[in-house]
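Chain letters run A, B, ... following the sequence lines, proteins first, then strands; residues in each count from 1.
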Amino acid sequence: MINAINVTKKFDDFTALDNVNLSVQTGSIFGLVGSNGAGKSTLMRVMSGVYSADGGTVTIDGEDITNRPGVRRNLIYVPDDLYFLPGSSMDRMAKLCESTRARFDRELYASLAEQFEADRKKPIHAMSKGMKRQAALILALASRPDILLIDETFDGLDVIKRHHMREIMVDAVAERGLTVIMATHSMHEVDDMCDAIAMLHKGHINVQSDIQEVTAALVKVQIAFPQAFDEDAVRFDGANIVSFRCDGTVATVVYENDRDLVEHELKAKHPVLMNLLPLSLEEVFIYKCQ
Amino acid sequence: MKDFFRNYVKPQPSKALFLEGMRQLKLPGIVYAAVMALTVLLVNMDIGRGSEYVRHYMMDISVDFAFESVVAIAVLSGFFLFGATLYLSHFLRSGKSRDFYGAAPYSFGTVWLNFAGAVYAWNLIGIAAGHLMHTVFMMFRDPKTIGLCLQAFAGNAAFSLTLFGIMTLSVTLTGRILNALATMAGLAALPSTVWAAFHSTMINFYSFFGFVRQPSGGHCPDPIAYLMEACNFMRTVYSYRDVPPLFEILCSGSAIVYDVVMGLLYLAAAVLFASVRTGDTAGKPFVNKPAHLLALLAVTLSVCCWIASQSGILGRHLVYTLSGQDVYAYGAAGLVLLCAFTVFVWLCELLFTFRLKTSVLALKYLPVPIAAAMVITGIGYLADSAEFTTKINPDQVVSFTLPYNASLDDHLAIFRMADSYGRTVTEDARFTDREVIQYAAEWINQYVEDWQENPRQFYHQKVMGDYSSMRDSYQEYDDGQIGASSQINIRLNLKNGGSITRTVLFDQPHRDQLEKAITGDKTFMQSFLAMPYAAKLNIGMEWVGMTEDDVTAIYKSFVEEYNAMDDAQKLNFLKQELYADYNESLDNEAHLPTVSESDTTEETSDPNQKRRRTVLVSQSYRKGDYIIDQCDIIPGNSLQSPSFYLDIYGYAERHLYQSGYSFSQIFQIDPQRFPKTHALVVKRANDRLPAVLDAIEDHAAKMNYLDVGAAYHGADTFTDLDFYYRTNHMTEEWVDESHEYWEEGNWDDDGNYVEYEIETVKVDSNAIVRRLLDDAKATGNTVDFSKPYCILYIRANDRNRSVSGQFFVQTELRYQPVE
């Protein structure tokens with residue numbers, strides 16, 4: 001389990017993270033989403049030990065990682081901007097990983113490289129963006145981490161490779177309890193893979209829950225009345241309207257309320273039409289970050 | 001402080017990381033080692049080509065060998081260290097690699113410690129490759145230099161450690177390569193800055209980065225100053241021209257120790273700073289604002305001072321006679337310096353931050369370094385002024401010392417005696433006689449009065465860079481006498497344990513007075529004249545084939561004779577210097593003769609002659625061995641074994657040394673290479689001694705001393721001076737200048753031109769020596785100069801001093817051809 005407790009990070013006068021609390025269960029895939037500049041990468045770096053938090057702590061299985069590099073011996077961080085030794089091939093990077101990671105598995109590395117048809121001898125700088133990311137992910141997985149932090153997980157990978165990589169990750173989670181935290185802009189990925197997510201916005205976490213709960217937190221209703229109406233017409237006691245869009249006599253309203261409550265209250269207003277629409281994670285994110 | 005160590009993680013050695021660092025530098029490291037070996041090979045081959053010419057003159061180039069490689073290796077090592085350090089420290093500057101290494105289960109300090117170890121390991125491999133190549137070369141050329149090669153390796157390894165320490169600390173403190181470069185320059189110059197600030201604030205910029213003679217100005221203890229000098233990076237480049245001092249500076253024991261200590265300190269600081277660095281600071285200067293400014297101050301003060309010292313624009317005033325060393329003061333030019341300093345500080349701030357706005361804001365801090373410079377200057381000026389204007393009370397003086405300084409030939413200036421003797425005192429000469437002390441105190445006090453009256457008279461306008469020529473001008477050659485206005489250091493040792501050292505101008509009246517006072521110091525003279533000095537003697541250059549018994553017998557007779565003299569006779573004996581040529585022969589200092597820089601003629605076709613200069617080899621007897629070996633001394637007759645040196649042609653050598661060639665060298669010299677002036681000499685030399693002696697006997701009436709062969713005194717009496725000029729002008733008499741070379745004859749009294757019969761005859765040179773010695777014993781010290789006599793020159797050395805002297809030997813030397 002990895003926890004970020006009241007983590008604050010500042011860069012000069014700018015507060016990148018403000019009392020962020022995050023808890024990721026072992027053997028889960030956690031999605032970290034947020035707008036640009038929300039602080040996802042900063043949080044990833046703090047959790048991986050690259051940055052030191054100005055406030056709060058990060059613990060791995062209860063152990064504080066502050067000034068204790070050994071605690072993160074089984075944590076791998078794959079940033080969005082990848083690092084490779086100049087002129088190196090995958091095999092050379094494998095040696096580097098072997099030097100820095102005690103658990104690096106040569107056989108697993110070879111197997112993964114074969115599965116993804118990766119050219120291990122080819123200079124990495126000559127590879128495409130997707131191939132570079134593929135190489136980084138292979139090296140990361142071959143290190144057999146307990147915790148894998150990935151920033152922009154499948155950026156550049158084609159559909160097939162994404163699918164395959166996803167399968168490998170999920171298998172690792174299921175088989176040996178790998179914990180994955182993925183920072184991404186792709187809600188589709190999060191929806192597909194993640195058990196839980198957190199939404200980061202301007203250094204704060206707006207939402208942190210499992211996927212179902214996140215999507216269930218908002219209720220989207222399409223409602224129509226015989227005459228034109230405004231927001232007040234669909235308001236009720238305790239209503240928390242996140243979004244209201246009206247087009248003549250039909251409106252789409254998003255509530256941050258209990259679904260049953262919304263349904264009950266709106267029925268009482270005798271609309272001509274009322275449909276409870278499913279919300280995608282992307283929509284939840286958009287509404288939360290507005 | 002607590003905040004500084006907030007992120008501290010103790011660095012740990014890691015085999016895996018170290019090997020990874022070695023792997024990352026594998027290709028550049030191998031290339032470096034190969035380039036190093038190749039470069040050293042080429043350097044040695046180049047010396048080898050020159051050395052054949054040099055060897056022809058039996059000059060010792062062993063030190064040159066070692067020196068050339070040392071410099072080449074040091075320079076290459078510096079380049080490799082620079083590149084490798086920057087390469088492996090990328091995680092301190094680059095966000096990408098920061099992410100990789102930052103997330104690894106190692107602290108930055110641990111990564112840096114092990115990577116730094118890899119950099120230095122490859123550096124050592126490269127240095128070892130270079131020195132191995134050099135050693136192999138020397139094994140074939142001169143096996144006795146193997147010890148020097150090992151010493152050079154140790155010196156380079158230590159020096160590179162200091163360089164490496166500076167580089168690692170610089171990259172650890174800074175965020176960009178340019179910042180790192182500026183910091184490196186500042187750190188390299190920082191020891192000298194600190195030393196200069198405390199030593200003498202009549203801002204001695206020359207010694208700041210250049211030569212520092214043994215400082216004795218009273219502000220800084222000599223050992224510390226010497227150590228500072230040893231580690232002065234800039235001196236490495238600046239002092240390139242001087243061969244032996246640089247070798248000693250880089251590779252002497254104290255230099256090695258100092259470099260290792262400084263290097264480890266720098267590295268420790270670098271690892272410490274890396275241990276408290278976090279990934280946040282990648283690409284940024286790792287200092288807070290006060291530390292940033294402190295670093296800026298140190299860097300700019302150092303570098304700006306260096307720029308000023310190198311600038312020929314700023315007038316530099318030589319202040320002599322007042323301090324234990326030459327000092328240079330800036331008058332109005334100091335203001336220019338401060339202005340330049342100000343601009344430089346601003347530029348450095350711009351470099352550090354790349355932000356114009358911040359740089360402009362940084363101007364508000366400039367009063368700090370300006371004030372610091374003024375305070376430093378002011379304090380020193382006041383201190384120096386106080387010291388320079390304080391008269392000395394002789395009652396407070398315990399003793400008077402003439403500090404030994406090999407490069408200044410101080411004793412030569414004082415003891416107007418046999419030059420070889422004057423030079424052979426290799427330690428401080430200390431006098432306790434009150435008269436001597438009184439004299440020295442009065443001498444200095446006179447200067448104090450002169451200074452108070454008009455300080456400007458002590459200033460000498462000189463543009464930077466003329467130092468070497470200005471230096472030479474002190475040792476003027478005046479009609480064959482020692483320099484009329486020599487400059488020496490004198491030191492008065494006080495009762496309170498302190499000392500006062502001054503550099504004084506040493507003219508004839510002072511010399512006479514001082515010598516008179518010194519020779520009255522019984523204690524000093526007793527030890528000074530004591531004989532025998534030791535069992536270790538020097539080797540005869542020309543007379544090979546002497547047996548151990550011969551050597552012992554000669555030495556014993558010499559000692560007996562000397563010991564039988566009273567002090568006055570001894571002193572007189574030692575003062576029998578007929579030709580005051582300070583550019584002289586082999587002495588305790590092994591002052592090897594070469595062509596002096598000023599002594600070139602248009603006939604000289606060899607460009608090497610113009611560049612060669614006297615190589616002063618210090619009291620390393622290993623080097624003495626090399627010299628002697630180069631001179632074809634018989635094996636085994638080294639300074640470690642009893643032997644004897646006979647230079648029957650002592651005067652000849654001196655004359656020839658004036659031109660830069662020793663008689664012994666002439667034997668093997670191609671006469672084509674020599675100026676016309678000495679053509680006759682060369683020819684005679686090449687024709688071997690017997691033929692010369694023949695010619696001498698035939699024309700004895702017309703010659704006094706020849707500059708080759710045994711010196712015969714003919715019927716005519718000539719003064720030494722006459723002879724000197726005579727031989728120098730021999731071409732006027734003996735050589736038909738219409739010919740390119742010499743005439744092989746001379747005009748007799750009847751106006752007939754008589755050609756010399758030149759033939760090569762084998763001669764028993766040992767017999768000649770024995771004959772001379774027998775005659776010397778028979779003659780005693782009584783010589784009738786109207787009759788043929790010879791000058792027998794004898795020298796005895798031990799590790800600390802040597803003594804030599806000339807015997808006038810009544811003899812009519814005849815050679816006996818060997819059947």
Side-chain angles (χ1 to χ4, degrees), chain A residues 9-12 16 41-42 44-55 60 65-88 91-104 132 136 139-140 143 145-151, chain B residues 3 5-12 14-28 83 86-88 90-115 118 275-284 288-289 353 355 358:
Chain A
K9 181 64 189 170
K10 295 182 181 179
F11 297 101
D12 294 328
S41 296
T42 303
M44 296 287 257
R45 289 194 174 101
V46 171
M47 292 174 75
S48 63
V50 175
Y51 287 167
S52 60
D54 295 315
I60 296 177
I65 70 168
T66 307
N67 296 338
R68 296 169 68 190
V71 175
R72 53 176 198 265
R73 60 189 170 278
N74 296 318
L75 182 150
I76 301 270
Y77 171 48
V78 182
D80 57 343
D81 204 359
L82 298 168
Y83 169 72
F84 301 103
L85 289 171
S88 62
D91 278 348
R92 177 61 183 97
M93 285 304 297
K95 275 187 191 162
L96 175 58
C97 290
E98 211 168 9
S99 303
T100 53
R101 300 291 173 179
R103 281 194 191 172
F104 187 82
K132 285 179 185 174
L139 290 165
S143 300
D146 289 340
I147 302 172
L148 183 60
L149 277 65
I150 324 175
D151 206 337
Chain B
D3 205 44
F5 285 99
R6 187 167 65 95
N7 298 307
Y8 174 74
V9 179
K10 186 179 173 186
Q12 303 286 341
S14 163
K15 183 180 169 187
L17 279 179
F18 173 75
L19 290 175
E20 174 56 35
M22 293 293 285
R23 257 196 302 276
Q24 290 194 27
L25 288 175
K26 186 174 161 187
L27 182 60
L86 283 180
Y87 179 73
L88 277 199
H90 52 83
F91 63 94
L92 296 176
R93 289 186 303 279
S94 156
K96 281 205 267 188
S97 56
R98 167 208 58 196
D99 287 342
F100 183 88
Y101 289 104
Y106 303 101
S107 65
F108 273 168
T110 296
V111 175
W112 195 206
L113 173 68
N114 291 282
F115 277 8
S275 300
V276 295
R277 269 191 87 137
T278 62
D280 316 26
T281 53
K284 296 179 187 174
N288 54 24
K289 277 215 168 15
T353 64
R355 288 182 186 173
T358 311

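In this structure, B/Tyr106 has its ring center at least 6.0 angstrom away from the ring center of B/Phe115.
Across B/Leu88 and B/Leu25, no two heavy atoms sit closer than the pair CD1-CD1, 3.6 Å. The two residues B/Gly109 and B/Ser275 make their nearest non-hydrogen contact at CA-OG, 3.7 Å.
B/Trp112 and B/Phe91 have perpendicular rings, their planes meeting at more than 60° on a 0 to 90° scale where under 30° would count as parallel.
For B/Phe108, no part lies under 4.5 angstrom from a heavy atom of chain A. The contact between A/Lys9 and chain B is made entirely by side chain atoms (from C-beta outward), counting heavy-atom distances below 4.5 Å. In this structure, chain B has heavy atoms under 4.5 Å from both the backbone and the side chain of A/Leu96. Using a 4.5 Å cut-off between heavy atoms, A/Ala16 does not touch chain B at all. Contact of A/Leu82 with chain B is made through the backbone alone, with heavy-atom distances under 4.5 Å. With a threshold of 4.5 angstrom between heavy atoms, A/Arg45 approaches chain B through side-chain atoms but not through N, CA, C or O.
In this structure, CZ on A/Arg68 lies 14.0 Å from OG on B/Ser107, to the nearest 0.5 angstrom.
Most heavy-atom pairs under 4.5 Å with chain A, from the set B/Pro105, B/Ser97, B/Ala16, B/Ala104: that is B/Pro105. Heavy-atom pairs under 4.5 Å with chain B were tallied for A/Cys97, A/Pro86, A/Gly49, A/Ala102; the largest tally goes to A/Pro86. Interface remark: of the candidates A/Met44, A/Arg92, A/Glu98, A/Arg92 forms the most heavy-atom pairs closer than 4.5 Å to chain B.
No side-chain donor-acceptor contact under 3.5 Å links B/Asn114 and B/Ser14.
Screening A/Ile65, A/Asp146, A/Leu148, A/Leu149 for a side chain to side chain contact (heavy atoms under 4.5 Å, CB included) with A/Leu75, the sole residue that qualifies is A/Leu149.
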